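So the structure is just underneath, and the comments pick up after that.
Model, not experiment: these values are computed from the prediction. Basis for what follows: all heavy atoms, side chains included, without hydrogens, waters or symmetry-related copies.
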Amino acid sequence: MLSLTMNGCALLQPRFRNVLLPQRLRHQKFGEFYLRLYSPINEGEASVVERSRRYDELIDATKLSLAPMMEYTDRHFRHLVRLISKKTLLYTEMVAASALCHERRNQEEEYLSRYPGASDDDVRENYSDSYLQKYLSQGRVQPLEGPSVLQLGGSNPKQMLEAAQTIMDMTERGWCDYTAINLNCGCPSPKVAGKGCFGAALMDEPKLVEELTRALHDGVKGRLPITVKCRIGTDSEQQFSKAAYSQVDPEVEYSRLCNFIETVASGGIVTDFSVHARIAVLQKSFSPSDNRKVPPLKYDVVRRLVNDYPNFTFSLNGGIESIAQAQREFDECPDLAGVMIGRSWAADPWSFAMADKLLYGLPDAPKNRLDVLTEYCKHADAEEERGDPAKIRRFIVKAITPLFAGEPNAKRYRIALDQFAGIPKKLRAEGKELDSQPPISELILNAAHEHLSEDVLLRSPEESYERKLSTEAKHGSTGRSEAVAKWQVLRKEDELNKLQQIKSL
């Protein structure tokens, strides 16, 4: 078991984790304590101070996190979320470290082919980053993303080091400014945990995870906090079935999880964990959807981690779909650092419009959805001005598709968005220019005004939240919300449409 020390006192012991730090230090800004405990000896003071500042920013925003979701939490959706909540911690889609390394090497080689005598510094400062922007760039319109975490996936320490260096290059060039980097140890997708040998499969390799986090730390020169997202375990010890899993000794399962947490933290780099409260089933026959539904949620395991490791911060992920549910988890476990929510944000983002008031204690909330949409349009216009509308318009429009989920005529609004989302690509195929078309902002606002009532557009967050609570009370708040259920149906329809389009090519 891990045993860190501070001033000669053991911080972690196998059976006495719950008496390690005074209560006053739990989940507060660590300040001098954090610097003294988690700073490697040879690290520059400026890096230590920068990481401490970003760590404080990270913990201050952790109360509610937007979970990383492939094909959803891109910079456009993150901008929408930031318009709805000033404080929610934003996670990117997972970015493969190998993709960053491959693209950077290609661009460095191309630069060297044009300038054979260029120095390493010249290459680093001047290689083309246009394709890397696809993976790493953030929105350029106010409000900027603020507290945000870039999630990386991979299992090769060398690639992690290079990926982290690439992120810092892009930061220096002004394309991004992330608060922290997160290592994906929780995705059970066969593409990731199977063929890719990373994601949730890394939970069976805790020492490798420690090496990966060290590589990330070194790659950013100690300037950013490194965090981990994981599950409570995997099925690697025994093939999963509901019956077999019900017979697993919970103490044995918890011991394995503790070994993972302690081994990962042993390098003094990682102190923050987001934990999906299910095991990851790595069988090929198990889909990501199965992994979100079939293994039972065990919130008590995460609560136990919180109590046993008070000098670390833990966020709870899995099955939580509303502010009210999040509040209940904080009531149940006051020292829980945060709650991470994904599908409900993607399905019904406006349902979190009261998050800043109810979870962070801020006085303000967004005025109404028309105001949010108007502000988003500034982002949309800016993105099309600096990008290629034929390539990015569908992504810009996709982000605002669920803003009016559950409202009358929401489907008509979505259809209208879909119709003009494809215009730039269609015009290009016909050899025509987009100049004669209205700006995307005008099209978005026209669609909203044409299909949605004034009551819907101008309804306040307070009134919307009261309606949601009333609906939950009437139908019960357990199980999947209606908005998430509808979103899942639409998601499957989109996937089928994509398959049909591929087959028709």
Side-chain angles (χ1 to χ4, degrees), residues 69-84 90 92-93 95 99 103 107 128-145 148 170 173-176 346 349 369-404 410-452 490-491 493-495 497-498 500-502 504-505:
M69 298 181 67
M70 294 299 292
E71 299 185 0
Y72 284 91
T73 56
D74 59 13
R75 68 177 181 270
H76 311 298
F77 189 71
R78 296 197 305 269
H79 188 76
L80 175 68
V81 172
R82 183 56 73 227
L83 290 170
I84 293 171
L90 309 178
T92 68
E93 304 171 89
V95 177
E103 181 57 29
Q107 295 305 321
S128 173
D129 60 21
S130 58
Y131 197 74
L132 288 169
Q133 292 175 33
K134 171 187 173 183
Y135 296 108
L136 300 176
S137 67
Q138 295 174 287
R140 316 284 286 182
V141 173
Q142 294 289 344
L144 300 179
E145 283 191 15
S148 53
M170 295 293 280
R173 295 182 181 197
W175 291 114
C176 58
R369 277 174 285 192
L370 179 58
D371 191 60
V372 167
L373 201 60
T374 301
E375 290 300 310
Y376 183 84
C377 283
K378 297 176 183 177
H379 165 83
D381 282 341
E383 286 287 326
E384 290 212 343
E385 285 172 7
R386 72 182 183 92
D388 183 350
K391 293 181 179 179
I392 66 173
R393 178 172 287 189
R394 283 206 174 274
F395 297 102
I396 295 171
V397 168
K398 180 180 179 180
I400 54 173
T401 298
L403 185 58
F404 299 94
K411 185 174 182 179
R412 294 182 182 179
Y413 162 77
R414 292 196 305 270
I415 292 172
L417 294 184
D418 186 65
Q419 287 175 342
F420 66 75
I423 288 177
K425 191 173 183 179
K426 180 181 178 182
L427 290 176
R428 176 168 295 176
E430 296 173 351
K432 299 177 181 178
E433 297 293 330
L434 189 61
D435 296 344
S436 61
Q437 296 292 315
I440 185 173
S441 56
E442 183 178 329
L443 296 171
I444 290 171
L445 291 174
N446 284 347
H449 283 293
E450 181 178 352
H451 298 291
L452 301 165
L490 291 172
R491 189 181 186 184
E493 289 176 356
D494 287 342
E495 290 174 353
N497 289 336
K498 288 179 181 177
Q500 290 174 354
Q501 290 173 4
I502 291 172
S504 64
L505 294 176

Discussion item. Are the side chains of P143 and L83 in contact, using a 4.5 Å heavy-atom criterion?
Written reply: yes
Worksheet item: Given Q437 and L427, is the side chain to side chain contact (heavy atoms under 4.5 Å, CB included) satisfied, shown in steps?
Response: CA-CA 10 Å; Q437 296 292 315; L427 290 176; 3.8 Å; yes
Worksheet item: In Å, rounded to the nearest 0.5 Å, how long is the span from CD of E375 to CG of L80?
Response: 12.0 Å
Worksheet item: Taking atom CZ of R140 and atom CD of Q142, what is their separation to the nearest 0.5 Å?
Response: 11.5 Å
Item to complete: With the side chain counted from C-beta on, respond yes when R75 and E383 share a heavy-atom pair under 4.5 Å apart, and no when they do not.
Response: yes
Worksheet item: Do V372 and I400 have side chains that get closer than 4.5 Å, going by heavy atoms?
Response: no
Worksheet entry | For P349 against L403, the heavy-atom pair lying closest together | CG-CA, 4.1 Å
Worksheet item: Distance-only, no hydrogens or angles: does the E384 side chain make a donor-acceptor pair with backbone N or O of P389 under 3.5 Å?
Response: no
Practice prompt. Please name the pair of heavy atoms, one in A447 and one in L417, separated by the smallest distance, quoted to 0.1 Å.
Written response: CB-CD2, 4.4 Å
Worksheet item: What's the shortest heavy-atom distance between C377 and S441, and which atoms?
Response: CB-CB, 3.5 Å
Fill in: Donor-acceptor contact below 3.5 Å, side chain R82 vs main chain E145
yes
Discussion item. Could you tell me if the side chain of L452 sits less than 4.5 Å from the side chain of R369, heavy atoms only?
Written reply: no
Fill in: Mutual orientation of the aromatic rings belonging to Y376 and H379 [parallel < 30°, tilted 30-60°, perpendicular > 60°]
tilted
Item to complete: Mind listing the closest non-hydrogen atom pair of F420 and R393 along with its distance?
Response: O-NH1, 3.1 Å
Worksheet item: In a check of salt bridge (Lys or Arg N to Asp or Glu O under 4.0 Å) between R394 and each of D418, D74, D388, which one passes?
Response: D418
Fill in: Which atom of I396 lies closest to which atom of A380, heavy atoms considered
CG2-CB, 3.6 Å
Worksheet, complete the sentence: Closest non-hydrogen contact found for F404 with A410 is O-CB, 3.2 Å
Fill in: Point-to-point distance, once rounded to the nearest 0.5 Å, from OG1 of T73 to CG of L90
9.0 Å
Discussion item. For I440 and V397: C-alpha separation, side-chain torsions, deciding distance, then whether side chain to side chain contact (heavy atoms under 4.5 Å, CB included) applies.
Written reply: CA-CA 9 Å; I440 185 173; V397 168; 4.2 Å; yes
Fill in: Verdict with supporting geometry, M170 and Q133, side chain to side chain contact (heavy atoms under 4.5 Å, CB included)
CA-CA 8 Å; M170 295 293 280; Q133 292 175 33; 3.8 Å; yes
Worksheet item: Taking the side chain as C-beta and beyond, is there a heavy-atom pair between E450 and R412 under 4.5 Å?
Response: no
Worksheet entry | Spacing of CZ belonging to F77 relative to OG1 belonging to T92, to within rounding of 0.5 Å | 13.5 Å
Worksheet item: Between OG of S148 and CD of Q138, what distance do you get to the nearest 0.5 Å?
Response: 4.5 Å
Worksheet item: Is it true that E103 and K134 have a side-chain N and a carboxylate O under 4.0 angstrom from each other?
Response: no
Discussion item. Strictly distance-based, threshold 3.5 Å: is any side-chain N or O of K398 a donor or acceptor partner for the main-chain N or O of E71?
Written reply: yes
Worksheet, complete the sentence: Rounded to the nearest 0.5 angstrom, the OG1-CD1 distance for T401 and I415 is 11.5 Å
